[in-house]
Amino acid sequence: MSTPNAVTAVAGTNIALVKYWGKRDVALNLPATGSLSLTLDRLGTRTTVAFDDGDRDRLVLDGAPASDAATTRVSAFLDRVRARAEIARRALVTSENTVPTASGLASSASGFAALALAATRAAGLAVSPPELSALARVGSGSAARSIFGGFVEMARGARADGSDAVARPMPEGDGWEVRLVVAITASGPKAIGSTAAMTHTMRTSPFYDAWLAAVPGDLAAARDAIAARHLPSLGAVAERSALRMHAAALASDPPIIYWNAATLAAIDCVHTLRARGTSVFFTIDAGPHVKALCRAADADAIAAALRAVPGVTETLIAAPGPGARVVEER
Ligand code: PMV
């Protein structure tokens, strides 16, 4: 290829309801367990990849040149695409997170899903959705799930090359009007990145094996709950999966504590609302924010209740969203 070819793709982030925490291979981001998530409409990434005649890859993130560390990570990812396409050209990658600024929600899941799609297309590759999911996974484990929309299950896989550690959409959940209300409880980067935290948990937490043993049962319960569209069952799985993941991390030595005071206050708010009859359940990722799973009709009232919790600075309501897609080709 000699002509510049720019492709823009968008992807929504996803929130795991059955968490992934631990890798069976760090280099390929092969997960130690399966996981199950919901891809969101509002929070995501828009990425343009243009291969050109530059002498190195360049990354512009939210309008500014990215750090060397971020650029190196993207460049290593592009190397895989170049190897597969048998091209040598470098690229200009321009990426914007459609996440409210300072929310602390900028996501590697949507980022690497959008990058995988834009880069493969710009390199002229025809890649099936499972192959794209496996490729996105190498950038970030959770990115494998953002290739698909709605409810998504990620397989642990068994192969050493990761070709079966891919996500699949769960169409049985399509059209279910659920929402995730995100309660922002802090700004700034998280205390410890997920890869380092997972490795540390695996090495030092006496609860790690118990965490691993619990996941298959949680996955089965979540599948059944989605097929039956039974929110209390799905919510119960989501809460226990998040709490078990955090329990394993908390028990590491030294401990990994992602929560702050507002995290606990938001959990208490969700439980109080539930005791009063609202079907609402929380989940928490590798950070202090609380995400509340609920029916669409209850989302506004839940957001208002969470917004009134001391330490909660902002709330967002996200709906199920589509998978990664190309929006422009030049
Ligand atoms: O994909 P990573 O490396 O950002 O790890 C994701 C870890 C959690 O968000 C806490 C859980 C999950 O399954 O998304």
Side-chain angles (χ1 to χ4, degrees), residues 11-40 43-45 69-70 73-74 76-77 97 99 104-116 133-148 151-157 162 165-167 180 182 189-202 205 208 211-212 214-216 218-219 222 237-250 252 256-259 263 282-291 293 318 324:
T13 195
N14 69 79
I15 300 297
L17 302 174
V18 178
K19 301 295 186 196
Y20 143 59
W21 197 251
K23 304 186 191 214
R24 63 186 172 88
D25 181 300
V26 172
L28 288 177
N29 275 332
L30 300 182
T33 64
S35 57
L36 191 151
S37 60
L38 183 62
T39 299
L40 303 182
L43 311 172
T45 308
R73 192 170 169 194
V74 163
F77 186 84
N97 286 306
V99 177
L105 281 178
S107 162
S108 61
S110 53
F112 278 101
L115 179 64
S133 176
L135 179 66
R137 188 208 67 235
V138 180
S140 171
S142 53
R145 302 185 306 236
S146 275
I147 296 300
F148 303 105
F151 290 97
V152 174
E153 180 169 356
M154 172 78 194
R156 174 193 186 277
V166 299
L180 270 180
V182 182
K190 51 184 147 191
I192 169 171
S194 53
T195 297
M198 286 180 199
T199 305
H200 183 63
T201 305
M202 291 176 79
S205 176
Y208 183 69
W211 151 256
L212 281 186
V215 177
D218 285 347
L219 283 170
V237 177
E239 283 198 3
R240 73 176 182 249
S241 176
L243 289 172
R244 286 169 178 173
M245 174 200 122
H246 283 273
L250 283 162
S252 301
I256 298 166
I257 307 175
Y258 281 117
W259 301 2
T263 312
F282 70 82
T283 184
I284 304 168
D285 292 299
H289 312 304
V290 174
K291 291 119 187 179
L293 177 69

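For ligands, and for the atoms within them, numbers begin at 1 and follow the listed sequence. The structure displayed is predicted, hence computed values, not measured ones.
In this structure the side chain of F148 never reaches within 4.5 angstrom of the side chain of T39, judged on heavy atoms. Counting heavy atoms from C-beta on, the side chains of M245 and D285 never come closer than 4.5 Å.
Between Y258 and W21, the ring planes are perpendicular. Angles over 60° get that label, and only those under 30° would be called parallel.
Scanning the protein heavy atoms around atom 9 (O) of ligand 1, the nearest turns out to be D285 OD1, 3.4 Å. For atom 1 (O) of ligand 1, the closest heavy atom belonging to the protein is S142 OG, 2.6 Å. In this structure, the protein non-hydrogen atom closest to atom 11 (C) of ligand 1 is Y20 O, 3.3 Å.
We find the CZ-CG distance between R244 and L212 to be 12.5 Å, quoted to the nearest 0.5 Å. N14 contributes atom CG, which lies 7.5 Å from atom CG of L40 (distance to the nearest 0.5 angstrom). Expressed to the nearest 0.5 Å, how far CH2 of W211 lies from NE2 of H246 amounts to 9.5 Å.
Residue contact annotation: M245 has a non-hydrogen atom under 4.0 Å from ligand 1. Using a 4.0 angstrom heavy-atom cutoff, A109 does not count as in contact with ligand 1.
At under 3.5 Å, not a single nitrogen or oxygen of K19, backbone or side chain, sits near a nitrogen or oxygen of ligand 1. Residue S194 has at least one N or O atom closer than 3.5 Å to an N or O atom of ligand 1. Considering backbone and side-chain N/O of W21, none are found under 3.5 Å from N/O of ligand 1.
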So K23 and L28, side chain to side chain contact (heavy atoms under 4.5 Å, CB included) or not? Walk me through it.
CA-CA 9 Å; K23 304 186 191 214; L28 288 177; over 6 Å; no

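Residue-level proximity to ligand 1 for A143 is absent, since no heavy atom of it falls below 4.0 angstrom.
Numbered from 1 in the order shown, with element, the atoms of ligand 1 that lie under 4.0 Å from a heavy atom of M198 read 5 (O), 7 (C).
Ranked by closest heavy atom to atom 14 (O) of ligand 1, the top entry among M154, R145, K23 is R145.
No side-chain donor from either of R156 and T33 sits under 3.5 Å from a side-chain acceptor of the other.
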